[in-house]
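Chain identifiers are assigned alphabetically (A, B, ...) following the order of the sequence lines, protein sequences preceding nucleic acid strands; residue numbering begins at 1 within each chain.
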2 protein chains.
Amino acid sequence: MSKMETVAEDLGDPPRDFVGLRSLLMERHQTLPKRLAQVARFAVAHPDEMAFGTAASIAEQASVQPSTLVRFAQTIGYQGFSDLQEIFRARLRDRWPDYEERLESLSHQDRDREGLPGLLDGFAQAGVTSLMRLRDSIDAAQLDKAAALLAAADTIYLLGQRRAFPITAYMAYALGKLGVKSILIDNVGTLGQEQSAFAGKKDALISISFTPYAPATIELTKATAARGVPLVAITDSPFSPLTELADAWFEVVEADFAAFRSLSACFCLAMALSVSIAEKRRGG
Amino acid sequence: MSKMETVAEDLGDPPRDFVGLRSLLMERHQTLPKRLAQVARFAVAHPDEMAFGTAASIAEQASVQPSTLVRFAQTIGYQGFSDLQEIFRARLRDRWPDYEERLESLSHQDRDREGLPGLLDGFAQAGVTSLMRLRDSIDAAQLDKAAALLAAADTIYLLGQRRAFPITAYMAYALGKLGVKSILIDNVGTLGQEQSAFAGKKDALISISFTPYAPATIELTKATAARGVPLVAITDSPFSPLTELADAWFEVVEADFAAFRSLSACFCLAMALSVSIAEKRRGG
DNA sequence: CCAAAAGGAGAATAAAAATTCTAGAAAAAA
DNA sequence: TTTTTTCTAGAATTTTTATTCTCCTTTTGG
């Protein structure tokens, strides 16, 4: 009897299409037991795997037992795993036809679409362009030199204001996760001077600034570099006030759209630099 | 002996990609025996059936015996039917073929250059992937709805911690330049509660958080949303604690490299959203 | 803190699938 | 036409895969 009830309460409406299934999972995933919720998350995050994999391969990737997949499928109301999998396969089947179209709209610049979606496409395009250019413009030796210089530093100070601030903020996060000591000079309360006061010759400074160069960045960089602190600069022109102060510098030219410059390339460089430093530290 | 020869002449080069297989089939289909040619035609005409079906179901649709499929696969040089089917599945797995090619050329260069520049390429690759996916996954209506909601707000509060912080910091910059009143809840001195205290029903909150969701973000968002402040969330999963609180939310799935997730897509969305808001404000 | 219920892991089982084998049919060569 | 070779269908086999079951663990309710 109790078994019957258990089954009965779970049955009812096994959605036959992917979107329905997806929203059902989103609804119920909080009320599901641990492992089943785990499967639900995996299913939503990796629908392709769900479509192609075998119960065993999917189970492994989702870190559960194959039997859990079956229980999962039955709990939501399907007959078994295979029945559930059919939904995911159907999704790929149905999606296929318009696939060619999508590709076309992707490669051709979308002149036909207008207004808001155009914005997203535009910024995406600018980002991709920036990243491609970055790959072509930065060479090994440059990155290597900068990374070596920074890896030798005791503490890495990070300075960037206005548009460049998000990048230094991110580097502070990344370097922290990588176990590299760094200090973010965020200039809160205009305390930049104090924040950078202890940077010495054994430390290093990463300064990031784009046109129009924020005065705070320039002044703090000058003051710090004058004390003999090694400087790595990321900027957008060889004529930037930072280049003459820098021991190593990168020119990053970003594409723009709607009067806003992408930051993709600069972020990319920041990440690569961070990881390079960590690798060198580990004796790489 | 004759068996050996038969096998030998057929072996050689089983193509590992769909296009190669396709052209091979078109070449050889005239010289193949009747039933095998029949299978070849079917395979080219119904590649998705080949990907999904079982040997039995495909055999039925192609009007041959299941064993013929195995013979067919072996005749072209594959180990068996399953081996052949993998080609068809791979084709559906990696959509965006032209994009994959580009990436391939990208990763080829990885091999020539070594070490550090590989990092740069890797991050660039992850960024491009993320941006492509974003374009594919976000639709006009979604962006429009969120932008409308935010455009109607008096003040826009921005909340994001840890990895998401750079994005909110950038949005604060962008919205400022666009003449949209916004407040960045940076939680300096753990003053987040105070910073968000004055957000009311006529304002709006943009919350950004990725796994593992920073507790500060979640708590502040909950508290703020509970006061009836409209919420737009940007997160990485439908199961994020933010989605249930949000009036509109975006799922942004970023590619990663070297254990660091790209932020490109999220930045791109942030920029598009910012400009959309400004456009709507101007009566767009 | 204990008891009862629900959930989960892993082995055991059942089902389904691919593959191989064999006998016979069709085609090609003599 | 006969003989030989190649090809094919369908049954038999083996492998893979899904599912069920049992025992143990965790959680929940009193």
Side-chain angles (χ1 to χ4, degrees), chain A residues 1-11 14 25 28-43 49-89, chain B residues 1-11 14 25 28-43 49-89:
Chain A
M1 184 72 183
S2 67
K3 276 181 191 171
M4 289 293 290
E5 276 171 15
T6 308
V7 173
E9 75 174 329
D10 291 325
L11 280 173
L25 291 184
R28 293 201 44 186
H29 124 278
Q30 305 192 59
T31 73
L32 285 172
K34 190 176 153 203
R35 284 283 127 97
L36 298 191
Q38 195 173 325
V39 173
R41 279 195 300 278
F42 182 88
E49 272 312 314
M50 291 293 290
F52 285 111
T54 69
S57 72
I58 294 169
E60 192 187 342
Q61 291 186 64
S63 310
V64 296
Q65 291 287 326
S67 57
T68 306
L69 291 178
V70 178
R71 262 191 308 126
F72 173 75
Q74 292 173 337
T75 302
I76 339 177
Y78 295 92
Q79 227 183 332
F81 170 73
S82 305
D83 192 24
L84 170 69
Q85 192 176 40
E86 195 44 49
I87 310 294
F88 288 90
R89 296 194 161 179
Chain B
M1 184 72 182
S2 67
K3 276 182 192 171
M4 289 293 289
E5 277 169 12
T6 307
V7 175
E9 76 176 326
D10 291 326
L11 279 174
L25 290 185
R28 293 199 46 185
H29 128 277
Q30 306 193 51
T31 74
L32 286 171
K34 190 177 152 201
R35 285 285 128 99
L36 298 192
Q38 194 173 326
V39 173
R41 278 196 303 278
F42 182 86
E49 268 315 311
M50 293 292 290
F52 286 112
T54 71
S57 72
I58 295 169
E60 191 186 342
Q61 291 186 65
S63 310
V64 296
Q65 289 287 324
S67 57
T68 306
L69 291 177
V70 178
R71 265 191 305 125
F72 172 75
Q74 291 172 339
T75 302
I76 338 177
Y78 295 92
Q79 226 183 332
F81 171 73
S82 304
D83 193 24
L84 169 69
Q85 191 176 40
E86 195 43 49
I87 309 294
F88 289 91
R89 296 194 160 178

Asks: Is the distance from OP1 or OP2 of D:dT20 to the nearest side-chain N or O of A:Gln74 less than 4.0 Å?
Replies: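 Yes, A:Gln74 has a side-chain N/O under 4.0 Å of OP1/OP2 on D:dT20.
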Asks: Would you indicate which nucleotide in D:dT19, D:dG10, C:dT19 comes nearest to any side-chain atom of B:Gln65?
Replies: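 My answer, after comparing the listed nucleotides, is D:dG10.
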Asks: For A:Gln85 and D:dT17, what is the distance between atoms CD and P respectively, to the nearest whole Å?
Replies: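 Going from A:Gln85 (CD) to D:dT17 (P), I get 11 Å.
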Asks: Once you round it to whole Å, what is the distance between P of C:dG8 and CD of A:Gln38?
Replies: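 Rounded to whole Å, this separation is 9 Å.
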Asks: Cut-off 3.5 Å, side chains only: do A:Glu49 and A:Gln61 have a donor facing an acceptor?
Replies: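 Present: a donor and an acceptor within the cut-off.
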Asks: Please give, in whole Å, the distance from D:dT17 C1' to A:Leu69 CG?
Replies: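 Going from CG in A:Leu69 over to C1' in D:dT17 covers 12 Å.
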Asks: Within the distance-only criterion (no hydrogens, no angle test), does the side chain of B:Gln85 pair as donor or acceptor with the backbone N or O of B:Thr54 below 3.5 angstrom?
Replies: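 Between the backbone of B:Thr54 and the side chain of B:Gln85 there is no qualifying donor-acceptor contact (under 3.5 Å).
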Asks: Send over the distance from B:Asp83 CG to D:dT15 C1', rounded to a whole Å.
Replies: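 So the CG-C1' distance, B:Asp83 to D:dT15, works out to 16 Å.
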Asks: Can you check the A:Phe81 CZ to D:dT17 C1' distance for me, whole Å?
Replies: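 Answer to the nearest Å: 10 Å.
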Asks: Could you state the atom-to-atom distance from CG of A:Leu32 to P of C:dG8 in whole Å?
Replies: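 Those two atoms, CG and P, are 9 Å apart.
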Asks: Which nucleotide in the list D:dA18, C:dG8, C:dT20 gets nearest to the side chain of B:Val70?
Replies: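 Nearest to the side-chain atoms of B:Val70, counting from C-beta on, is C:dT20.
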Asks: Let's see if you can work this out: which of C:dG8, D:dC7, C:dT20 has an atom nearest to the side-chain heavy atoms of B:Ser67?
Replies: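 Shortest atom-to-atom distance from the side chain points to C:dT20.
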Asks: Per the atom types in the model, does the base of C:dG8 pair as donor or acceptor with the side chain of A:Thr68 at under 3.5 Å?
Replies: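 Not at all, since no donor on one side and acceptor on the other fall under 3.5 Å apart.
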Asks: Rounded to the Å, how far apart are A:Glu86 CD and D:dA18 P?
Replies: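 Rounding to the nearest Å, CD of A:Glu86 and P of D:dA18 are 13 Å apart.
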Asks: Give a yes or no on whether the backbone of A:Gly53 and the side-chain of A:Ser57 come within a donor-acceptor separation of less than 3.5 Å.
Replies: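 Answer holds: no.
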Asks: Within the structure, does a side-chain N or O atom of A:Arg71 lie under 4.0 Å from either OP1 or OP2 of C:dG7?
Replies: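 No.
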Asks: From the set C:dG7, D:dT8, C:dA18, return the single nucleotide nearest to any side-chain atom of B:Pro33.
Replies: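 Of the options given, the side chain of B:Pro33 lies nearest D:dT8.
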Asks: Which part of the nucleic acid, if any, lies within reach of A:Leu36 when heavy atoms closer than 4.0 Å are counted: base, sugar-phosphate only, or nothing?
Replies: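 The residue A:Leu36 makes sugar-phosphate contact but no base contact.
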Asks: State which of C:dA18, D:dT20, C:dT19 makes the closest approach to the side chain of B:Pro66.
Replies: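 Among C:dA18, D:dT20, C:dT19, the one nearest the side chain of B:Pro66 is C:dT19.
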Asks: If you compare all heavy atoms of B:Ala43 against all heavy atoms of B:Phe88, which two are closest, and at what distance to 0.1 Å?
Replies: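 Where B:Ala43 meets B:Phe88 most closely, the heavy atoms are O-CE2, 3.7 Å.
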Asks: What is the distance, rounded to the nearest whole Å, between atom CD of A:Gln79 and atom C1' of D:dT19?
Replies: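 In whole Å, D:dT19 C1' and A:Gln79 CD are 12 Å from each other.
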Asks: Tell me whether the centres of the aromatic rings in B:Phe72 and B:Phe81 are closer together than 6.0 Å.
Replies: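 Ring-ring flag for B:Phe72/B:Phe81: false, centres at least 6.0 Å apart.
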